[in-house]
Each structure stands twice: as structure tokens, then as C-alpha cells.
Amino acid sequence: ADTMRRVRAALETLPVKVKRQWTTLRVACHYAELDTVKHLCQRFDARIRETQYGERVSLQIEVAPQWREALAAAMPR
């Protein structure tokens with residue numbers, strides 16, 4: 001019992017890392033829509049991983065798989 005208590009105490013001191021699965025969504029939008037896209041990313045707990053500026057803004061977004069379709073549907077067209 002004492003050994004189990006020590007093992008449990010040792011395990012409780014270890015750092016915990018939450019692992020999440022991500023899927024990638026690529027979005028192209030007009031500059032005027034960029035704030036909306038950023039807001040949607042916050043709303044769906046998504047991360048913008050890459051942004052390229054050209055005639056339009058192209059973004060590579062990471063989002064949890066269960067939110068991918070909903071986020072894609074909410075994006076400006």
C-alpha cells in the first residue's frame with residue numbers, strides 16, 4: 001500500500017500534456033473578410049497556422065475534426 005501511495009504521488013507530479021487531433025482547412029478570403037475569419041477561428045477553437053497575402057488572403061487553419069465542416073460552412077464565400 002505504501003509503494004502504491006508513493007507511485008501515485010510521483011505520477012501526480014508529472015506534467016500533463018493534452019493531445020488533440022487536428023485537421024487542416026485552407027481558406028481564401030478578401031481582406032475585408034479577414035476579421036470575420038479570425039473571429040470564426042476563435043469561435044471554433046481553430047488555429048491559423050499560415051497566412052499568405054496576395055490578391056486575396058490565403059490561410060491554412062487547423063481545427064478539431066468534429067468542427068471542420070461547421071467552420072468551413074460558416075466561412076465567407
Side-chain angles (χ1 to χ4, degrees):
D2 189 46
T3 302
M4 288 301 291
R5 220 175 298 127
R6 279 189 266 155
V7 169
R8 188 175 301 123
L11 288 174
E12 288 173 355
T13 65
L14 292 175
V16 176
K17 233 183 189 179
V18 177
K19 292 202 174 216
R20 293 179 56 181
Q21 284 189 314
W22 297 94
T23 185
T24 301
L25 178 65
R26 293 188 183 276
V27 174
C29 67
H30 296 285
Y31 285 85
E33 299 167 326
L34 187 55
D35 284 340
T36 299
V37 170
K38 288 179 178 180
H39 173 75
L40 288 168
C41 286
Q42 288 178 341
R43 190 169 143 208
F44 286 93
D45 196 24
R47 302 184 295 193
I48 298 172
R49 296 312 247 167
E50 184 181 309
T51 306
Q52 295 179 347
Y53 299 94
E55 192 173 310
R56 297 179 77 185
V57 183
S58 297
L59 302 113
Q60 180 179 332
I61 299 168
E62 287 184 343
V63 62
Q66 68 267 27
W67 297 116
R68 188 181 194 284
E69 285 185 40
L71 177 58
M75 287 291 171
R77 302 274 176 224

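The figures that follow rest on heavy atoms only: side chains count, while hydrogens, waters and symmetry mates do not.
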Open item on the list: For the CD atom on Gln66, are there more than 12 heavy atoms of other groups (residues, nucleotides or ligands in this structure) within a distance under 6.0 Å?
Closed with: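 Atom CD in Gln66 is crowded, with more than 12 foreign heavy atoms closer than 6.0 Å.
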Open item on the list: Among residues at least two apart in sequence or on other chains, which ones pass side chain to side chain donor-acceptor pair (under 3.5 Å) with Arg6?
Closed with: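 Arg6: side chain to side chain donor-acceptor pair (under 3.5 Å) contacts with Asp2.
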- [ ] Quick one: name the residues clustered hydrophobically with Val37, using the 4.5 Å side-chain heavy-atom rule over I, L, V, M, F, W, Y, and just say none if it's on its own.
- [x]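 Other cluster members: Leu25, Val27, Tyr31, Leu34, Leu40, Phe44, Ile48, Tyr53, Val57, Leu59, Ile61, Val63, Trp67, Leu71, Met75.
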TODO: Kindly give the cluster partners of Trp22, where membership spreads through any ILVMFWY side chain lying under 4.5 Å from a current member.
DONE: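 When side chains under 4.5 Å apart are linked, Trp22 ends up in no cluster with other residues.
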Task: Sequence neighbours excluded, every pair satisfying salt bridge (charged side-chain N to carboxylate O under 4.0 Å, His left out) that has a member inside residues 55-70 - done: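 Applying salt bridge (charged side-chain N to carboxylate O under 4.0 Å, His left out) to every pair that reaches into residues 55-70, excluding sequence neighbours, yields Arg47-Glu62, Arg49-Glu62.
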TODO: May I have all residue pairs that pass salt bridge (charged side-chain N to carboxylate O under 4.0 Å, His left out) and include part of residues 21-42, sequence neighbours excluded?
DONE: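 Those involving residues 21-42 do not exist here.
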Task: Straight-line distance of Met4 CE to Leu11 CG, nearest 0.5 Å - done: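 It is 9.0 Å, given to the nearest 0.5 Å.
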Task: All side-chain contact (heavy atoms from CB on, under 4.5 Å) counterparts of Glu12, not counting sequence neighbours - done: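 Arg8.
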